[in-house]
Amino acid sequence: MVNQPSLMPDLSVEIAGILMKNPVLTGSGTFGYGEEMSQIYDLSLLGALTVKGLSLRPQSGNRPPRICETPAGMLNSIGLQNIGIEAFVRDKLPFLRRIDTRVIANIYGHSAEEYAEVANILDSANGVDGIELNISCPNVKKGGMAFGTDRAETCRVVRHVRKATRLPLIVKLSPNVTDITEFALAAEDEGADALSLINTLLGMAIDIHEKRPRLSRGVGGLSGPAIRPVALRMVYQVSQVTRLPVIGMGGVVCAEDAVAFLLAGASAVSVGTANFVDPLCPLEIVAGIEDYMKAHGFSRVQELSGALDMGES
Amino acid sequence: MVNQPSLMPDLSVEIAGILMKNPVLTGSGTFGYGEEMSQIYDLSLLGALTVKGLSLRPQSGNRPPRICETPAGMLNSIGLQNIGIEAFVRDKLPFLRRIDTRVIANIYGHSAEEYAEVANILDSANGVDGIELNISCPNVKKGGMAFGTDRAETCRVVRHVRKATRLPLIVKLSPNVTDITEFALAAEDEGADALSLINTLLGMAIDIHEKRPRLSRGVGGLSGPAIRPVALRMVYQVSQVTRLPVIGMGGVVCAEDAVAFLLAGASAVSVGTANFVDPLCPLEIVAGIEDYMKAHGFSRVQELSGALDMGES
Amino acid sequence: MSFFPIRQVKARVTGNHQVAEATFRLVLSAKEFPAAAQPGQFIMLRTSTTEDPLLRRAFSLHDRKDDHLGILYKVVGRGTDWMARRRPGDVIDLIGPLGRGFSSAPPLRKALLVAGGMGIAPFRLLVRSLQSEGVEILLFYGARTAGDLLELEEMEAASVSLLLATEDGSRGEKGRVTELFREHFRKVEPSASFKIFACGPQAMLYEVARIALGQEIACDVSLESQMACGLGTCMGCVIATGSGYQRVCREGPVFSAQSLLLDESAVKHE
Amino acid sequence: MSFFPIRQVKARVTGNHQVAEATFRLVLSAKEFPAAAQPGQFIMLRTSTTEDPLLRRAFSLHDRKDDHLGILYKVVGRGTDWMARRRPGDVIDLIGPLGRGFSSAPPLRKALLVAGGMGIAPFRLLVRSLQSEGVEILLFYGARTAGDLLELEEMEAASVSLLLATEDGSRGEKGRVTELFREHFRKVEPSASFKIFACGPQAMLYEVARIALGQEIACDVSLESQMACGLGTCMGCVIATGSGYQRVCREGPVFSAQSLLLDESAVKHE
Ligand SMILES: Cc1cc2nc3c(=O)[nH]c(=O)nc-3n(C[C@H](O)[C@H](O)[C@H](O)COP(=O)(O)OP(=O)(O)OC[C@H]3O[C@@H](n4cnc5c(N)ncnc54)[C@H](O)[C@@H]3O)c2cc1C
Ligand SMILES: Cc1cc2nc3c(=O)[nH]c(=O)nc-3n(C[C@H](O)[C@H](O)[C@H](O)COP(=O)(O)OP(=O)(O)OC[C@H]3O[C@@H](n4cnc5c(N)ncnc54)[C@H](O)[C@@H]3O)c2cc1C
Ligand SMILES: Cc1cc2nc3c(=O)[nH]c(=O)nc-3n(C[C@H](O)[C@H](O)[C@H](O)COP(=O)(O)O)c2cc1C
Ligand SMILES: Cc1cc2nc3c(=O)[nH]c(=O)nc-3n(C[C@H](O)[C@H](O)[C@H](O)COP(=O)(O)O)c2cc1C
Ligand code: FES
Ligand code: FES
């Protein structure tokens, strides 16, 4: 492919060996198992879709209320309610196989060994293009964020999973840490193929009339436009220190946001909360990135990644 | 005072030995040196006001642009532009002395020794009721946040300042850490009289047309309603582990927010970014807290602090 | 469970009239909205053009006629306040129809509708559908005060028998509609060709469900829940059922009384 | 530096008319707004009733008559879009008057006004004030295209001499207003009783300031900057001056050419 501005910019990206037709993914937990959204648009228009976090056994999740709106964002404490890896492979994967897009399975375990077991099952399940390791969920009591906020635990989980699967391995980082670059480097050292960030920020909301937290679990994960500045900063920081491709997420609602993440160093972006606000927004983002590339003379979307001018200081 | 619901609730609080007529303060860096705001309303209606961060020598701050709007919030990288402690004592304090409210001096240094020196100057300057130690500013290259995201450094700074002043000492914590309770306990151990939290979250915004960060320094501090859920969570967490009074801040824009922080465990709240949106909002918050207390049968504002029902889980 | 096509539609406001205190009837022209929408289904409405409020709001389908659809709503916060300020010609973005509506499989002879407050909203469509099937309809309807009782003329015009209750006694029986409803079975013998349809606050619905189970009458209740997506993807809106937490937006909002876990601890406190 | 009383006012919209492409003139009734407002001062307008957008927006005082004040504005984003949708009767929250306006101390015989684009906004009040002092006024005014040249009739009616430039040559000289302005001094001898007043994009203002310094004519430029508070408390809006970073909202928005640091590195890139 010639590296000069063309009329039809090339939006395809390869991340962790997964070739995607465009750099727009959907975020785990905001897109169900894909099926639900297929009633609204043609999923093959996406670069990839990420399914809801899967665990070894079905999980019932937290007691409601599980969500509440916050300024330009929302809190959730779903607690990873999911049908379990076996039911996923049996009941959901057949549908996903028929769609011409990439499927990323977000997984979660109560121990490094359990993570590895889930990964191992997916390794032999035809139809999954990559694994996203959720070590950053703030909504489960044991594990979850605990793995992603402790460097040694992060290393242990990634190491175990790396041994259990040959699938491309994406590690999803927690923003609830002092220095996210440490965790990025830890995942890289242990053999991750890509990083995705950020998961939700730990937050809380209170119903002052009931004098009770708005979520039954007290705390939950903050997502949406509100967290975009934090996400963008972390994507920038991580991109500076790692050679791994980064999937940027956190408050992406339009093409302008997506381009900002790419400029900051991401190779692709993931749309989460915005799917609730405007289901068609991933498609508008794809179109908007293309328009931006045309207007600014980019021929390949990779050229955007890290094309940020940081000025003098 | 009898502890039964009265028609006129008692809004006064004592924090770190500072008696305030109500639990509503203004946040450092959002209220200048007080003077500017006195053209808009009578500052004696505030529980206390906190002045812009002061350093030993005048500081010119960062190159503009220094601020930009973000979803339900803003980023700033002022870089602690200030007139220096001597000019403050000489030119600003005389005005503040004439106002019947409490004055808290927010201070900042490039080293533990410099912090101590500033504190020591204030110790003998009549008119300052308390010192707020800013170890959490994300907008200066050396020091600032570095002190507040490293436990040992936090201890060192607090220890030095504690020795240098007999004024009530409030330590302002950074939210950009994995576990804020560690820092709360560190400050408590070293002799802090109160804690205030949160300072801004480190964030970034990008101008995609210029392919440049919107702030000249690249990153800045995120404030405003967007960060309220994170702030509320941290105030709750810190209140659970410390016996020190907590001044809660981060996205407080109305009485409902203020009450939420009090219920989460704060003894008072500080209004920051909201001063820009609606200068009169601290006064509305005072009135709104009073209304809430009447409606819910609280006679003293301290009763609100931590009156949260966390339910079963 | 049958799924109908879901559409995202830019609908045009054709009417937005106040019908009671803080209560409005919004009429939208939405050609592309699927005609197959069922009573009890709902839509997710974008109640701003900015990020405040951010999330969509859920509303029962109140009416559906030709190219128009209607919503009966109460102003309770920022989203509904925005709605109340829409004028004819304005555009509102909505997604629907969503969820599973009321099911009225024959042989159904008599329908007992129970509504609390705004719970009356989905009953206009339900009444129309039941009547086309020749079902006899009784409506038990409770509200805080007389002014909050909506749709009374419409229901009378549709020869629905009304049994009213208000908490302040300003109209009908003084007290709660559930008491009125419970009272009814002192006089009337339940039958297998009866069915109960209820919509209102959760505590009321669970009470109705318990009565229904006691009388062994089939019963559908339409629940509310905090929703983010309305599409079944976020798992935010679940309710405790015999087969685990189920999505109000997908498996519901209408659930059969039998399927729900009715013990007190499952009831959302309000 | 003299400070005038600052008021937070709920003003009522009495007019909001489009005057050019994406450009409107807003007229507000604001009795409590201080009459003492000076040309070049500005107000901070709340451009929503929600948290999106959150911060206030700055606008020059364009007009001030009896109980009314006027704003001339261009729709460039969310805040100004909200403004364009206001109708007579709507209420807008504003704070002002703010900052330091133009200073026209006598003996001033001739005023050279230089405006770029929307930079014309504060000149209506300035012209009125200069004329009351009997000062002769020349206006150098540049814009992208003829349609963007605003207030021409008003200026002519006030017998201001106009020298126009457009980038596309559709009206007046083809090129930038700064070229036109520089050209002027090839013909006219500067004098100590002249003063320059300029408002427009920063690069233009700095160019005008350099010309003024070269010709040794007193010169006031009115700057813009990203603002959060407008009150001098946040230190967000500063500009580089000979005495350090100064607040555009407090020491400005009008600065004397001499006080600014005019080297290229101090100029905001746009
Ligand atoms: C399936 C379904 C159907 C509904 N049908 C109708 C209807 O036909 N007519 C009608 O008036 N209302 C209906 N509602 C409720 C309606 O969604 C809420 O009143 C609305 O979301 C409030 O938005 P707001 O921004 O005005 O209030 P907010 O400012 O968001 O909140 C104000 C108050 O309403 C509560 N609230 C917010 N969202 C919801 C919600 N989704 N469900 C319940 N309470 C909520 C809040 O806790 C708060 O106490 C329905 C809800 C659901 C889930
Ligand atoms: C002292 C002062 C006086 C002004 N007087 C006028 C006036 O009389 N008429 C007028 O039309 N405009 C005036 N402006 C500019 C006006 O404030 C901005 O156009 C407005 O804030 C844009 O808001 P928005 O929400 O529509 O745009 P946004 O969505 O916030 O931004 C759209 C674009 O405008 C830029 N922008 C945003 N805020 C500002 C700002 N404060 N200054 C400069 N650029 C900005 C953004 O970078 C972006 O490129 C003045 C600005 C200042 C500081
Ligand atoms: C309702 C909800 C459920 C989520 N569930 C998961 C999950 O199962 N696994 C995971 O890794 N992230 C999960 N996330 C996090 C998102 O994938 C994403 O990282 C985060 O929301 C930030 O992106 P956003 O601001 O675009 O939503 C969830 C987010 C939301 C809002
Ligand atoms: C423009 C600006 C300047 C600030 N300057 C300081 C400062 O000098 N010292 C400090 O401790 N905090 C400073 N802060 C942080 C605030 O005091 C407050 O902790 C933070 O903004 C969160 O509160 P808010 O969301 O209500 O603004 C600044 C915040 C802003 C927005
Ligand atoms: S609202 Fe998202 S699953 Fe029901
Ligand atoms: S805008 Fe805040 S100091 Fe000028």
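Throughout, a chain's letter reflects where its sequence line sits, starting with A, and its residues are numbered from 1.
Shown here for A:P213 and B:M310, the closest heavy-atom pair between the two residues is CG-SD, 3.4 Å.
For the atom pair A:D309 CG and B:D207 CG, the distance stands at 11.0 Å (nearest 0.5 Å). Atom CD1 in B:I208 sits 11.5 Å away from atom CG in A:L308 (nearest 0.5 Å). Rounding to the nearest 0.5 angstrom, the gap separating the CG atom in A:L263 from the NZ atom in B:K211 is 7.5 Å.
For chain A, the nearby parts of B:A260 are the backbone and the side chain; heavy atoms of each come within less than 4.5 Å. Interface residue B:A264: backbone and side-chain heavy atoms are both found under 4.5 Å from chain A. Looking at B:Y292, only its side chain comes within 4.5 Å of chain A, counting heavy atoms on both sides.
Among A:M204, A:E256, A:H209, the residue making the largest number of heavy-atom pairs under 4.5 Å with chain B is A:M204. The greatest number of non-hydrogen atom pairs below 4.5 Å with chain A, out of B:D179, B:V259, B:L201, is found for B:V259.
Residues of residues 225-238 of chain B placed with any heavy atom under 4.5 Å of a heavy atom in chain A are listed by number as B:P225, B:A226, B:R228, B:P229, B:V230, B:L232, B:R233, B:Y236, B:Q237.
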